[in-house]
2 protein chains.
Amino acid sequence: MAVEDTGRTTHTAVALMELRKRILNGDFPGGTRLFEVPLAETLQISRTPIREAMSRLAEEGLLDRLTNGGFVVRSFTFADVLDAIELRGVLEGTAARLAAERGVTPEGLAQMQGVLARLDSCFGASSDDVDFEAYSDLNAQFHAILVNLAGSVVLQREIDRATRLPFASPSAFLSDKTNIDIFRQSLHVAQEQHRALVSAISSREGTRAEFVAREHARIARRNLEYVILENPDLIMRVPGLGLLNS
Amino acid sequence: MAVEDTGRTTHTAVALMELRKRILNGDFPGGTRLFEVPLAETLQISRTPIREAMSRLAEEGLLDRLTNGGFVVRSFTFADVLDAIELRGVLEGTAARLAAERGVTPEGLAQMQGVLARLDSCFGASSDDVDFEAYSDLNAQFHAILVNLAGSVVLQREIDRATRLPFASPSAFLSDKTNIDIFRQSLHVAQEQHRALVSAISSREGTRAEFVAREHARIARRNLEYVILENPDLIMRVPGLGLLNS
DNA sequence: ATGGTTGAGGCTGTATACAGATTTCCGGTT
DNA sequence: AACCGGAAATCTGTATACAGCCTCAACCAT
């Protein structure tokens with residue numbers, strides 16, 4: 001019997017990924033109501049896993065529940081995306097502050113410094129020369145370690161949740177589709193902030209750590225403003241920005 | 001035909017309320033796995049609404065999903081509850097800061113000042129004389145208005161979510177079962193912080209507003225420490241503290 | 001012309017049967 | 001005695017039938 005990977009994954013998982021993909025792609029504009037029966041026919045899956053998948057997407061924040069049952073695609077305005085980025089800054093700032101205040105283990109600090117050094121080596125001689133893909137991976141690692149160093153599962157869950165909206169993720173402007181001059185140049189500033197974060201945490205300077213992390217998130221804000229206001233053609237190249245409304 | 005209220009509400013809602021009640025009451029210790037079939041038999045409801053209810057409870061943060069399906073009751077340590085309170089402080093602090101920085105409408109400010117005045121009138125001549133029940137209601141209103149004044153649906157959702165854990169709610173220590181001297185006395189300090197919050201927001205002092213709100217949440221932290229360390233008999237009288245572990 | 005009422009269509013809520021997967025326990029073997 | 005294997009029990013995943021409710025539209029009455 002041939003190995004069927006699609007047979008291994010549940011129908012719920014298929015529906016979840018498929019619906020998420022279509023929503024993020026902008027196939028369903030914000031406010032669109034999703035009906036179980038047509039979706040079940042489209043995806044060739046019964047209503048039960050569709051329901052389950054929509055419930056998960058509501059948990060992710062991509063769908064809203066209607067009072068009398070049913071789901072609609074959540075709509076995001078430009079201001080909403082800015083607020084989501086600011087929120088991430090606040091939460092990561094709190095993680096940084098707690099890491100500094102409560103102290104981190106030498107192993108944790110070493111881990112972070114290791115990623116910091118590897119991020120450094122992504123930059124070449126010219127200021128335009130950056131290994132974008134490697135930077136993107138390492139940046140995700142850096143942020144994951146930061147959240148970990150706070151040592152709070154409650155905070156970790158909230159950050160995971162707030163970060164699940166793709167445009168609010170620390171990697172939002174680091175997809176391979178956004179390898180553009182203006183974003184590449186912002187990485188020098190970002191890396192300097194990474195350095196400041198490690199310095200603040202290792203010196204147990206909580207307030208400095210908190211506000212550096214906040215300002216770090218605001219790089220994403222500036223990148224977003226550039227995309228929306230000055231170069232709207234890029235909108236579809238930033239993950240999740242396809243569902244942006246009005 | 002007689003009016004059947006139970007016939008109006010769905011089985012999902014019944015299961016949701018019933019399970020939530022039992023979890024918060026501590027009937028299922030943290031880590032307990034909840035099986036669909038026995039629960040369906042116990043509650044005289046089929047598996048489908050039970051599943052749906054458990055999915056909602058996972059969204060609320062009371063249950064965790066297992067990797068291969070199924071749910072377990074989430075376990076909270078003392079440190080987790082402290083972190084949840086600190087998190088609320090951070091989020092409400094952000095709401096206060098944004099309200100101050102972005103400015104609020106005269107109507108919004110008047111609304112908040114109205115509740116502030118009514119909170120004042122809950123206090124009697126003696127420092128021990130407080131209309132506890134009225135204060136509890138108005139306090140909830142005050143916090144709701146604060147979140148509203150920030151004018152961010154993204155932030156509002158996060159605060160609603162973080163606050164859904166009963167012990168992290170601004171009203172956690174204001175249930176009628178916790179009408180105790182030491183909690184009543186903390187209300188004078190809390191009300192002074194309410195005043196400072198209104199002052200800071202109306203003067204557009206963002207930083208002051210943010211840190212007053214954080215400190216305000218830490219009253220709950222002190223109350224919690226009192227309950228746990230000095231008067232454990234009270235644990236079962238604080239909403240949601242029944243599911244606290246180790 | 002406007003308002004209310006009634007009916008039909010369609011959507012979600014629920015129960016249940018069956019299938020697939022996983023875990024557990026028991027027995028045998030090394 | 002410990003470990004491995006297999007079978008049974010049990011749990012979740014899924015499809016589907018049916019019931020109830022909500023909405024919307026059309027028609028009738030005033």
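Naming: A, B, ... by sequence-line order, numbering from 1 per chain. Please read these numbers as outputs of a predicted model, since none were measured by experiment. All heavy atoms count here, side chains included; hydrogens, waters and symmetry mates do not.
Not counting sequence neighbours, the partners of B:Q113 by the side chain to side chain contact (heavy atoms under 4.5 Å, CB included) test are B:L109, B:V198. A:A172 pairs by the side chain to side chain contact (heavy atoms under 4.5 Å, CB included) definition with nothing, not counting sequence neighbours. Residues satisfying the ring-ring contact (aromatic ring centres under 6.0 Å, His included) test with A:F183, not counting sequence neighbours, are A:F173. A:D131 meets the side chain to side chain donor-acceptor pair (under 3.5 Å) test with no other residue; sequence neighbours excluded. Not counting sequence neighbours, the partners of A:S46 by the side chain to side chain contact (heavy atoms under 4.5 Å, CB included) test are A:T48, A:P49.
Between A:L39 atom CG and C:dG10 atom C1' there is a gap of 15 Å when expressed in whole angstrom units. Protein atom CD of B:Q44 is 13 Å distant from nucleotide atom C1' of C:dA15, rounded to whole Å.
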Could I get a table of every N or O pair under 3.5 Å where one atom is in the protein and the other is in nucleotides 7-14 of chain D?
residue, atom, partner, partner atom, Å
D:dT12, OP2, B:E36, N, 3.2
D:dG13, OP2, B:R51, NH1, 2.9
D:dG13, OP2, B:R51, NH2, 2.6
D:dG13, N7, B:R47, NH2, 3.1
D:dG13, O6, B:R47, NH1, 3.0
D:dT14, OP1, A:H11, N, 2.2
D:dT14, OP2, A:T12, N, 3.3
D:dT14, OP2, A:T12, OG1, 2.5
D:dT14, O3', A:H11, ND1, 3.4

